[in-house]
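Computed from a prediction, not measured in an experiment: that's the story for all the values here. First the proteins, then the strands, lettered A, B, ... as listed; each starts at 1. The figures here come from the full heavy-atom set of this structure, side chains too, leaving out hydrogens, waters and symmetry mates.
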Amino acid sequence: MPDLLTLHALDAHYGDFQALFGIDMTLADGEVIAIIGANGAGKTTMLRSISGLLRNRADQIVYRGQPIGALRADRVAHLGIALVPEGRQLFPSLSVEENLLLGGKVGRPGPWSMEKVFGLFPILEERRRQASTSLSGGQQQMVAIGRALMANPDFVMFDEVSLGLAPVVIKSIYDALPDIVGEGMTAMIVEQDISKALSVSSRVYCLQEGRVSLEGRTKDVTHDQITQAYFGVAA
Amino acid sequence: MIEWVGVIVQGTLLGGLYALFAAGLSLIFGVMRLVNIAHGDLIVLAAYLGLSTTMMLDVHPFVALIVVMPLMAGIGYALQRGVLNQTLGPDILPPLLVTFGLSVILQNALLEGYTADPQKLNGGAIETASLSAGGLAVGVLPLLTFVVAVAMIACLQWIFYKTSLGRGFRAVSDNQDIAQIMGLNKAHVFGLAMALALAVTAIAGILLGMRTSFDPAIGGGRLIFGFEAVIIGGLGSLWGTLAGGVILGVAQTIGAKIDPGWQLLAGHIAFLVVLAVRPNGLFPRVEH
Ligand SMILES: Nc1ncnc2c1ncn2[C@@H]1O[C@H](COP(=O)(O)OP(=O)(O)O)[C@@H](O)[C@H]1O
Ligand SMILES: [Mg+2]
């Protein structure tokens, strides 16, 4: 399969603080990969870099053969890269429906529409006129996912979608994932909850203090390897 | 008694003009948290552009709006993208300093271009025409100004809450980063917001110029009136801004009725009273 996205020695900084150190990563078209790592490992920073919110050297991030590391976030969005941000980050002054409409702003053609999102998460149709802030955490997460899908992206990044949600809600969201990536999308699932992320992905990268500490096929990596890579200590 | 009714009516109509001064300020603050110190001078600039247009094309000031509105909108977009966007950030001081500088530059440029002599836009018969009912005489121009103000606020409200453009304004105001990853270029969105604000300012400037004489130095006063109307009404609420303008206008006319020297003071007192009683203004924006 051709490479969709490649990171070449990606660094990231917040002022004097360096958060990422030479991350190398490859995603094939249609692949679902998991990114795991402890709090503060640099997962969100990596997604912010890819989505253009943190600017890098152009050739550090290559998408479909095009260097995009230095592009502005709205340009990156138009290329078909979407992010479900950590903590959902819905627009509080927009209704559920308006949040979804905004997600469709890039106007890329594809299978996703408001109706299709409502088909995936029927509760959102009932709540479409409500303020997004009046929804439960799980429903807000559904809006955040729907908002990203509305852009008809080729590649979606999910940043800790299960954070702060009840197990039953997490299950319902993960149950919807095959329907989402079944549309031929490439996805990056970022989680601290290792088992969830591994259950839906074919390959996994573990980040530790801004570096890749483990990379492998999900079915090949052992529990001990993950513990070692995650915490940086021998189990 | 009827005399006081007349005062209240006149104050209300004056409030329409203040709401027009304020609407642009309110919009800009709502979308990008920018307090534009040069707003009053931009109103005066619009009045002068109206003056030049009426003289060059020999048209009525209202017709001049066809030129002045797009011109001001264009100036707004260029100003935002060329200068103001670069000042926006976590620190609120740079935009204040830069728009203050802009205010000084505008005043001096107008002084160079048009001298300090007071000017007036000639509206013709409409300036003196009045309607009377039940012993109450109301000037047609003030009445028209008020109607335009209400229509303008309704129009802005519609843009904000019913159009894709307005959705973009609200989204960028809520969360710039997330709006950006949804494909909105915030620099462009801010440019459009400033263009819209200055298009409204064009109307305010023309109506001001027909109502009273103006010179390059009066911008500061218009800024204060607009600012007070926004604060009285509550930040981020467009209808609140209209209410704020009306309260300010009525307070000023009542003050002037008691003693002509008290007009401005009465307005400032009303502003301070509202601020003391309701620090967030009368109709602060509720997150919904
Ligand atoms: N805005 C910021 N300013 C400064 N440091 C930050 C900022 N955001 C994150 N960091 C730091 O960067 C490192 C990586 O953070 P993050 O990418 O959020 O990790 P993760 O998503 O894996 O929990 C942490 O040490 C964090 O404290
Ligand atoms: Mg994170």
Item to check | Rounded distance (nearest 0.5 Å) linking atom CZ of B/R170 with atom CG of A/L94 | outcome: 4.5 Å
Checklist entry - Looking only at heavy atoms, what is the nearest atom pair of A/L102 and B/A171, with distance? => result CD2-CB, 3.5 Å
Item to check | Enclosure of B/F100 CZ (heavy-atom neighbours >12, cutoff 6.0 Å) | outcome: no
Next on the checklist: To the nearest 0.5 Å, what is the distance between CZ on A/R147 and CD1 on B/I181?
Outcome noted: 6.5 Å
Checklist outcome for this item: In this structure, OH of B/Y161 is separated from OG of A/S93 (nearest 0.5 Å) by 7.0 Å
Checklist outcome for this item: CD1 of B/I178 to CZ of A/R88, rounded to nearest 0.5 Å, is 12.5 Å
Item to check | Heavy-atom pairs under 4.5 Å with chain B, option from A/S134, A/A82, A/P85, A/A73 with the top count | outcome: A/A73
Checklist entry - At a heavy-atom separation under 4.5 Å, does A/R75 approach chain B through its side chain, its backbone, both, or neither? => result neither
Next on the checklist: Is A/V76 close to chain B through its backbone or its side chain, or both, or neither, when contacts mean heavy atoms under 4.5 Å?
Outcome noted: neither
Checklist entry - Counting heavy atoms not belonging to A/E209, are there more than 12 under 6.0 Å from its CD? => result no
Checklist entry - Is it the side chain or the backbone of A/L83 that comes within 4.5 Å of chain B heavy atoms, both, or neither? => result both
Item to check | A/K105 side, atom NZ; B/M182 side, atom CE - distance, nearest 0.5 Å | outcome: 12.5 Å
Item to check | Structural part of B/S164 lying under 4.5 Å from a heavy atom of chain A | outcome: both
Next on the checklist: Does B/I92 have more than 12 heavy atoms from other residues, nucleotides or ligands lying within 6.0 Å of its CD1?
Outcome noted: no
Checklist entry - Is there side-chain contact between A/Q89 and B/D177, with at least one heavy-atom pair below 4.5 Å? => result no
Next on the checklist: Is it true that, when you exclude B/F227 itself, more than 12 heavy atoms of the residues, nucleotides or ligands shown sit nearer than 6.0 Å to its CZ?
Outcome noted: no
